[in-house]
Amino acid sequence: MTNCVEETGEAAVLARITQALGTVLGDCVLDPGAVTMETRFVEDLDLESIDLIVLTGELHAAYGDRVDFPGYFASLELSEIVDLQVGHLVRHVVESLR
């Protein structure tokens with residue numbers, strides 16, 4: 001049986017988001033370790049708004065209704081979304097799963 005803390009810790013959530021990003025980016029192969037807590041979705045990964053929607057769909061498949069992704073993004077200003085780092089989303093997921 002897997003430890004629930006391990007599945008919901010920052011490292012596990014970062015790994016799941018990185019996996020989802022690989023799906024979203026398709027042909028663009030992410031180098032191991034390329035996605036960190038400081039990686040910015042728009043500036044560093046060139047994600048567009050539709051990519052963020054697809055990403056949240058991928059993450060919803062993993063976390064279900066335990067994490068409110070639409071509500072999280074709706075709570076952000078446009079400038080916050082543009083500067084959003086992977087770590088911000090990781091921490092939101094971890095907090096939601098507690």
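- In this structure, CG in D68 is found 10.5 Å from OG1 in T56, a value given to the nearest 0.5 Å.
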Q) Should I53 and F73 be marked as a side chain to side chain contact (heavy atoms under 4.5 Å, CB included) after you check the CA-CA gap, both sets of side-chain angles, and the distance that decides it? A) CA-CA 10 Å; I53 293 168; F73 281 100; over 6 Å; no
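- Using a 4.5 Å cut-off on side-chain heavy atoms (C-beta onward), L25 and L47 make contact.
- For D44, the salt bridge (Lys or Arg N to Asp or Glu O under 4.0 Å) partners two or more places apart in sequence, or in a different chain, are R40.
- Of all non-hydrogen atoms in T36 and V86, the two that sit nearest each other are O-CB, 3.4 Å.
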Q: Start with the C-alpha distance between V93 and F69, add both sets of side-chain angles, then the distance that settles side chain to side chain contact (heavy atoms under 4.5 Å, CB included), and finish with yes or no.
A: CA-CA 9 Å; V93 171; F69 293 106; 3.8 Å; yes
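- Put simply, the side chain of D46 does not reach to within 4.5 Å of the side chain of V42, judged on heavy atoms.
- In this structure, the side chains of F41 and V82 stay at 4.5 Å or more apart for every pair of heavy atoms.
- Distance check, rounded to the nearest 0.5 Å: CD1 of I81 to OG of S79 gives 8.5 Å.
- For residues 85-98, every residue pair satisfying the side-chain hydrogen bond (donor to acceptor under 3.5 Å, both in side chains) rule, not counting sequence neighbours, is listed here: E95-R98.
- Atom CG in L89 sits 9.5 Å away from atom CE in M37 (nearest 0.5 Å).
- Note that the CZ atom of R16 and the CG atom of L21 stand 10.0 Å from one another [nearest 0.5 Å].
- Atom CG of L55 is separated from atom CD1 of I17 by 7.0 Å, given to the nearest 0.5 angstrom.
- Across all their heavy atoms, A20 and L59 have their closest contact at CB-CD2, 3.9 Å.
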